[in-house]
Amino acid sequence: WYLVCKTEILSAYVLPPPEKVFRSFLKMLQSGELARDIGISFLRVLKGFAIAFVLAFVLGMFRALFPGISGYYEHAVQFFRNVPPLSMIPLLILWLGIEEAPKIAIVFLSGFFPIYMNAATAVAGVDPKLIEAARTLKFTGRELFFKLTLPAALPGIVTGLRLGFGYCWRALVGAELIAASSGLGFLISESGEFAKTDAVFVGIITIVVLGIAADALLRALLKRVTPASATEVQRV
């Protein structure tokens, strides 16, 4: 990047030099503009992700444990799973307005399906021999779920959470590019309209760094849960 700018293969308008991007970053950081947009985007992601996790986990458990019940909603889930969330922005704006609701809905729709599919698959894939052994040991239904099924399925559920969060983060930025007046996506969109390429780079790099950091934090938090769960399965 530095060498391309120094040799002027591309103009500074198309590819601003790293030092200019860094200066823009410091300026936006000092003014509070960048921190404000980061906070707004993260809050939207956390709200949508939390709703997606709760609903996807519950429906995923029902699908794996009570296949008969899942028949009432599985077709609708599979239908919406194949609809790109960003394609629903016009409808969501029409239905929910132009405030926060459509953005959170986009985040929810993006994160729900990987969490749901991984949770359902992980629970359904628990070794039947372990379940048979637990029943032989007179486990109650509650004990069977919390001491065997859930711990054994936790690695798959954790994978779904990480995938879901990544999809939520990317989808939010896309939604903010189209229908927002704040947030990192709006920062990039507005900077592009005013030909502030250095600010566009600041927004893109910030999104990447925050996405990596958030995934690392989520992985560290979930790691504290997984080993204990694995120990429970081994005891069974």
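Excluded from the calculations below are hydrogen atoms, water molecules and symmetry mates; all remaining heavy atoms, backbone and side chain alike, are included.
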Mind running side-chain contact (heavy atoms from CB on, under 4.5 Å) on Leu15 and Phe201 for me, showing each step along the way? CA-CA 9 Å; Leu15 183 66; Phe201 271 78; 3.4 Å; yes
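- With Tyr167 contributing its side chain and Phe113 its backbone, the two residues share no donor-acceptor pair below 3.5 Å.
- Considering only heavy atoms from C-beta on, Tyr116 stays 4.5 Å or farther from Arg81 through its side chain.
- Ring orientation note: the planes of Phe112 and Phe108 are tilted relative to one another, at an angle of 30° to 60°.
- A distance-only check finds no donor-acceptor pair linking the side chain of Ser41 to the backbone of Ile38 [under 3.5 Å].
- In terms of modelled atom types and a separation under 3.5 Å, the side chain of Trp169 and the main chain of Ile207 share a donor-acceptor contact.
- Panel note: side chain Thr197, backbone Tyr13; a donor-acceptor pair is recorded below 3.5 Å.
- Across every non-hydrogen atom of Gly183 and Asp37, the tightest pair is N-OD1, 3.1 Å.
- Cluster annotation: Leu96 and Leu94 are assigned to the same hydrophobic cluster (Ile/Leu/Val/Met/Phe/Trp/Tyr, side-chain heavy-atom contacts under 4.5 Å, transitive).
- The CG atom of Leu137 lies 10.0 Å from the CG atom of Leu148; values are rounded to the nearest 0.5 Å.
- Between the Ser31 side chain and the Met28 main chain, a donor and an acceptor come within less than 3.5 Å of each other.
- Atom CG of Leu150 and atom CG of Leu144 lie 11.0 Å apart (nearest 0.5 Å).
- Among all heavy-atom pairs drawn from Ile115 and Gly164, the shortest one is CG1-CA, 4.1 Å.
- With a 4.5 Å cut-off on side-chain heavy atoms, Phe62 and Val58 count as touching.
- Taken from CD1 in Ile104 to CG in Leu43, the straight-line distance is 7.0 Å, to the nearest 0.5 Å.
- Side-chain heavy atoms closer than 4.5 Å link hydrophobic residues (I, L, V, M, F, W, Y) into clusters, and following such links, possibly through other members, connects Val45 to Val209.
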Checking side-chain contact (heavy atoms from CB on, under 4.5 Å) for the pair Lys47/Val107: CA distance, chi angles, key distance, verdict? CA-CA 8 Å; Lys47 287 179 180 178; Val107 173; over 6 Å; no
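- Here the side chains of Ile40 and Phe186 are not in contact, with every heavy-atom distance at 4.5 Å or above.
- Each of Leu163 and Leu217 belongs to its own hydrophobic cluster when Ile, Leu, Val, Met, Phe, Trp and Tyr are linked at side-chain heavy-atom distances under 4.5 angstrom.
- Among Glu190, Arg44, Glu100, Lys103, the single residue meeting the side chain to side chain donor-acceptor pair (under 3.5 Å) criterion with Ser182 is Arg44.
- When all heavy atoms are compared, the tightest approach of Asp215 to Arg162 is OD2-NH2, 2.9 Å.
- There is a path of hydrophobic side-chain contacts, each under 4.5 Å, that joins Trp1 to Ile9.
- Atom OG in Ser110 sits 6.5 Å away from atom CG in Leu86 (nearest 0.5 Å).
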For the pair Ile188 and Leu184, evaluate side-chain contact (heavy atoms from CB on, under 4.5 Å) and give the outcome as yes or no after the intermediate values. CA-CA 6 Å; Ile188 294 172; Leu184 291 172; 5.5 Å; no
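- Across Gly156 and Asn118, no two heavy atoms sit closer than the pair O-CB, 3.4 Å.
- Taking both residues in full, the closest heavy atoms of Ala120 and Arg63 are given as CB-CD, 3.7 Å, listed atom of the first, atom of the second, then distance.
- In this structure a side-chain-to-backbone donor-acceptor pair under 3.5 Å is missing from Ser24 to Asp198.
- Rounding to the nearest 0.5 angstrom, the gap separating the OG1 atom in Thr140 from the CZ atom in Phe146 is 10.0 Å.
- Within the 4.5 Å cutoff, no side-chain heavy atoms of His75 are placed close to those of Gln78.
- Under a cut-off of 6.0 angstrom, the local environment of CZ in Arg135 is sparse, with at most 12 non-hydrogen atoms contributed by other residues, nucleotides or ligands.
- Other residues, nucleotides and ligands contribute only 12 or fewer heavy atoms inside 6.0 Å of the CZ atom of Phe80.
- Cluster annotation: Phe42 and Phe53 are assigned to the same hydrophobic cluster (Ile/Leu/Val/Met/Phe/Trp/Tyr, side-chain heavy-atom contacts under 4.5 Å, transitive).
- When atom types are taken as modelled, the side chain of Ser189 and the backbone of Gly185 share no donor-acceptor pair closer than 3.5 angstrom.
- When all heavy atoms of Val83 and Phe79 are compared, the closest pair comes out as CG2-O, 3.5 Å.
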Evaluate the criterion side-chain contact (heavy atoms from CB on, under 4.5 Å) for residue pair Leu172 and Ile106; output intermediate values, then yes/no. CA-CA 7 Å; Leu172 170 74; Ile106 289 293; over 6 Å; no
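- Distance CD/Gln30 to CZ/Phe25: 10.0 Å, rounded to 0.5 Å.
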